[in-house]
Amino acid sequence: MPIAEDERAILEVLDALVGQSAVRQELDRIGSRLEERLEADRSSLLVWEPVDLSLYGRPVPDGIRSSWVFVLRAKTGSGAERHPNSIQRVMSFRGSADLQTQVGEQPGETWASNQLVSQPDAPLEDRWLSIPRGVWHQGVMAGENWVVVSFHTALAQDLIEERPASQRGETLQRTYIARGDG
């Protein structure tokens, strides 16, 4: 899917920030540490850690309020989720997966496939995806854990994850960081 010019400009800045050698090394260390946590907790489908924006060494684009590293378990699906209070920009950092986005209003209607890869020389649209506020999405992982770097327009302590709770459209919400932890 083509990326709008203004969104491409944001992704290009974020891509350059993540592409700095020292930043990549630190994100790789975080990803490896998270993979160890994931392996230690066989019941978890994913683990995460917020990343201080100062790691990037330069200003992030306006509106970016937090950054994260997530590791999603190989050969699983993350399940549908959305962020009602944040735009998410996500980059495939290590591994690859299909980050599906919802086409309709209710989870489970129609999913659009977005195959993301981690090769630095791959086109931007093959490595990054922008997910608008409130859009359902789910990762479908292949044979390896998938490490992603994401940027949100919500502060780390305010980022809400919403998941379907029933067939009647009810949802459950939580924050990734307990209030007062971040």
TODO: Check the hydrophobic clustering (I, L, V, M, F, W, Y; side-chain heavy atoms under 4.5 Å; chains of links allowed) and say if Val140 and Val71 are grouped together.
DONE: no

TODO: For the residue pair His137 and His83, categorise the inter-ring angle as parallel (less than 30°), tilted (30 to 60°) or perpendicular (more than 60°).
DONE: tilted

- [ ] Tell me, please, which residues at least two apart from Gln138 pass side-chain hydrogen bond (donor to acceptor under 3.5 Å, both in side chains).
- [x] Gln100

TODO: Could you tell me which residues satisfy side-chain hydrogen bond (donor to acceptor under 3.5 Å, both in side chains) with Ser118, sequence neighbours excluded, listed by chain and number?
DONE: Ser92

TODO: Show the numbers, then the answer: is there a salt bridge (Lys or Arg N to Asp or Glu O under 4.0 Å) between Arg33 and Glu35?
DONE: CA-CA 5 Å; Arg33 181 172 62 239; Glu35 280 192 289; over 6 Å; no

Task: Of Leu72, Ile131, Val148, the residue whose pairing with Leu99 passes side-chain contact (heavy atoms from CB on, under 4.5 Å) - done: Ile131

TODO: Answer yes or no: is there an ion pair linking Glu144 with Arg73, defined by an N-O contact shorter than 4.0 Å?
DONE: no

Task: Flag, side chain of Gln20 to backbone of Leu17, donor-acceptor distance under 3.5 Å - done: yes

- [ ] Spell out, as yes or no, whether a donor-acceptor pair under 3.5 Å connects the side chain of Gln102 to the backbone of Thr110.
- [x] yes

Open item on the list: Has Ser67 got a side-chain atom pairing as donor or acceptor with Val51's backbone, closer than 3.5 angstrom?
Closed with: no

TODO: Could you please spell out the steps behind the salt bridge (Lys or Arg N to Asp or Glu O under 4.0 Å) verdict for Arg8 and Glu5?
DONE: CA-CA 5 Å; Arg8 177 174 288 280; Glu5 191 175 321; over 6 Å; no

Open item on the list: Testing the 3.5 Å rule here: is there a donor-acceptor pair between the side chains of Asn114 and Thr101?
Closed with: yes

Open item on the list: Membership question, hydrophobic clusters at under 4.5 Å side-chain separation (ILVMFWY): are Met91 and Leu124 in the same one?
Closed with: yes

TODO: Say whether Ile10 and Leu53 are linked into one hydrophobic cluster, either directly or through other cluster members, by side-chain heavy-atom distances under 4.5 angstrom.
DONE: yes

Task: Same cluster (ILVMFWY, side-chain, under 4.5 Å), Val18 and Ile87 - done: no

Task: Closest heavy-atom pair and its distance - Ala80, Pro164 - done: O-CD, 3.3 Å

- [ ] In sequence, state the C-alpha distance, the side-chain angles, and the governing distance for Trp68 and Ser66, and then conclude on side-chain hydrogen bond (donor to acceptor under 3.5 Å, both in side chains).
- [x] CA-CA 7 Å; Trp68 302 77; Ser66 64; 3.1 Å; yes

Open item on the list: Treating Ser96 as the side-chain partner and Val117 as the backbone partner, does any N or O pair qualify as donor plus acceptor under 3.5 Å?
Closed with: no

Task: hydrophobic_cluster_shared for Leu155 and Ile177, side chain cutoff 4.5 Å - done: no

Open item on the list: Less than 4.5 Å apart, side chain to side chain, heavy atoms only: is that true for Glu7 and Arg89?
Closed with: yes

Open item on the list: If you count heavy atoms of other groups shown closer than 6.0 angstrom to CZ of Arg65, is the number above 12?
Closed with: no

Open item on the list: Rounded at 0.5 Å granularity, tell me how far CZ in Arg37 sits from CG in Leu46.
Closed with: 10.0 Å

Open item on the list: Centre-to-centre under 6.0 Å for Tyr56 and Phe151, is that the case here?
Closed with: yes

